[in-house]
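Values reported hereafter were calculated over all heavy atoms of this structure, with side chains retained and with hydrogens, waters and symmetry mates removed.
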Amino acid sequence: HLHIPPHTAQSQHTHPSERIGVILRGQGECRTGDGTAYPLTPGMGWRIPTGAKHSFFTAETSLDVIAW
């Protein structure tokens, strides 16, 4: 479980393995290394490939994520 508080702008980072997850609560964005921003809303699933640059961003609300 990841809790990302409101007004968070993570640094771009990578992981040594694929990540998958589900958005539990809140809203935010996943921003990729090429500048694309994907809106994140409750109930949606997501996948980040091995080594892909990404970061999470929140504005006024927090974001709760389950990630594997």
Side-chain angles (χ1 to χ4, degrees):
H1 174 245
L2 301 172
H3 174 76
I4 303 169
H7 309 289
T8 297
Q10 287 184 332
S11 299
Q12 290 277 308
H13 61 279
T14 62
H15 298 282
S17 60
E18 178 178 66
R19 297 293 196 255
I20 59 171
V22 175
I23 307 302
L24 294 178
R25 285 182 287 278
Q27 301 181 58
E29 292 179 347
C30 181
R31 297 176 176 177
T32 64
D34 68 4
T36 304
Y38 294 96
L40 302 172
T41 56
M44 71 179 295
W46 50 268
R47 175 184 167 268
I48 300 171
T50 300
K53 284 188 177 182
H54 66 285
S55 62
F56 289 110
F57 171 84
T58 58
E60 300 299 317
T61 63
S62 62
L63 185 64
D64 287 283
V65 177
I66 297 294
W68 295 269

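No path of Ile, Leu, Val, Met, Phe, Trp and Tyr side chains, each step under 4.5 Å between heavy atoms, connects Trp46 with Val22, placing them in separate hydrophobic clusters. No single ILVMFWY cluster, assembled from side-chain heavy atoms under 4.5 Å apart, contains both Ile66 and Ile48. Connection of Ile4 to Met44 is established within a shared hydrophobic cluster, with ILVMFWY side chains joined at heavy-atom distances below 4.5 Å, either directly or through further cluster members.
Nearest heavy atom pair, residue Gly26 against residue Pro42, reads O-CD, 3.2 Å. Contact between Ala67 and Leu2 at its shortest, heavy atoms only, is CB-CD1, 4.2 Å.
Applying the salt bridge (charged side-chain N to carboxylate O under 4.0 Å, His left out) test to every pair with at least one member in residues 7-23, sequence neighbours left out, gives these pairs: Glu18-Arg47. The salt bridge (charged side-chain N to carboxylate O under 4.0 Å, His left out) pairs that include a residue from residues 29-46 are Glu29-Arg31, where partners are two or more places apart or lie in different chains. For residues 56-66, the set of pairs meeting the salt bridge (charged side-chain N to carboxylate O under 4.0 Å, His left out) definition, not counting sequence neighbours, comprises Arg25-Asp64.
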Give the table of side-chain donor-acceptor pairs shorter than 3.5 Å for residues 52-59, with sequence neighbours excluded, one pair per line with atom names and distance.
from  : atom 1 : to    : atom 2 : distance (Å)
His54 : ND1    : His13 : O      : 3.2
His54 : ND1    : Ala52 : O      : 3.0
His54 : NE2    : His13 : NE2    : 3.1
His54 : NE2    : His15 : NE2    : 3.4
Ser55 : OG     : Gln12 : NE2    : 3.0
Thr58 : OG1    : Pro5  : O      : 2.5
Thr58 : OG1    : His7  : N      : 3.3
Thr58 : OG1    : Thr8  : N      : 3.1

Problem - Stepwise side chain to side chain contact (heavy atoms under 4.5 Å, CB included) check, Ile23 with Leu63 - result: CA-CA 8 Å; Ile23 307 302; Leu63 185 64; 3.7 Å; yes

